[in-house]
Amino acid sequence: MLAKHPNIPKTPTQIAEAALEAAKAGAAIVHIHVREPETGAPSNRFELYEQVVKKLRDSATDVIINLTCGMDGSLTLDSFEPVTIGKATTLKSPMGRCIHAIKLRPELATLDCCTYSAGESVYVGRMSDLREMATLMREAGVKPELECFELGHIEIAKKLISEGKIDGPALFQFCLSTGYGAPAVPIVMQAMRDILPSAAIWAGFGCGADEMPAVAQLVALGGHVRVGLEDNIYLRRGVLASNAGLVENAVGIIERMGASVATPAEARKILGLVKGGRPH
């Protein structure tokens, strides 16, 4: 991604500024990943999240903070006989994967409800891992965003709900066209929507060239939407994007369809959130 788009935000300051620009462009929620400032490599270091969250909270811009807890879940194998864990493995304990959300207490944090093949690595989300992460989030007052990459992942999330691990109303995110799950096509979106629990709130996104078409399709089906550089680096063919530019594009699509974009206050009401969240 960095090779194709050298202006991807890398430092905590750049990431926070990009998030605030997206908020001013109309985003009610900013979904935060961090990178190693020197190299731009994806990171999960607590101090980097801490710096970004502080800058967002110190700003005069109201926005809902959503921290990813989808990092440090990757397992690679160098051999089968004997089974040898690969050096590229990042897999940590459930606490290690969400400690930044537990300590910084954003309003939202992601919970990837799945184990799936990601090329030569495997993303690990055992039921015991998901139960522990959901419990940790609840105790910290953080609402999980249930990320689902295909139909079966929704069934896993529903199991967590039935076990009482997720407080209602549950928030689902359909992660489509990632290359490791379902494509961003209407039949998939409708099928995923149709098997949700009756009271669920749901949103979705498509990656790459599917990002903006997915916005229109999701709105037509009654869902909320997400856009951003995590999913797509182009504003249009050959034109590199910013997070704010992608939000502006999505806002235009939404409003031309006769729908409206929620403010952070309206989004909190929809999601059942209480504004705030502060470190312990």
Q) Taking the side chain as C-beta and beyond, is there a heavy-atom pair between Val53 and His100 under 4.5 Å? A) no

(Q) Is it the case that the side chains of Thr89 and Thr76 hold a donor-acceptor pair, with the cut-off being a distance below 3.5 Å and no angle test? (A) yes

**Q.** salt bridge (charged side-chain N to carboxylate O under 4.0 Å, His left out) between Lys165 and Glu163, worked out
**A.** CA-CA 6 Å; Lys165 301 297 183 184; Glu163 293 175 354; 5.8 Å; no

Q) Partners of Asp194 by side-chain hydrogen bond (donor to acceptor under 3.5 Å, both in side chains), sequence neighbours excluded? A) none

Q. How would you list, by chain and number, every residue that makes a side-chain contact (heavy atoms from CB on, under 4.5 Å) with Val83, sequence neighbours excluded?
A. Leu77

Q) If you round to the nearest 0.5 Å, how far is CE of Met137 from SG of Cys69? A) 4.0 Å

Q) Are the side chains of Thr135 and Arg138 in touch, meaning some heavy atoms are under 4.5 Å apart? A) no

Q. Under 3.5 Å, is there a donor-acceptor pair between the side chain of His153 and the main chain of Glu147?
A. no

Q: Test Arg268 against every option in Leu273, Thr263, Ile29 by the side-chain contact (heavy atoms from CB on, under 4.5 Å) rule and name the one that passes.
A: Leu273

Q.
Tell me if a side-chain donor or acceptor on Asp112 pairs with a main-chain N or O of Cys114 at a distance below 3.5 Å.
A. no

Q | Summary of side-chain hydrogen bond (donor to acceptor under 3.5 Å, both in side chains) pairs that have at least one residue in residues 170-187, sequence neighbours excluded | A | Glu145-Gln173, Ser177-Asp210

Q.
If you apply the rule salt bridge (charged side-chain N to carboxylate O under 4.0 Å, His left out), what do you find for Lys24 with Glu21, and how did you get there?
A. CA-CA 5 Å; Lys24 290 172 183 175; Glu21 289 168 2; over 6 Å; no

**Q.** Minimum side-chain heavy-atom gap Arg97-Asp129 below 4.5 Å
**A.** yes

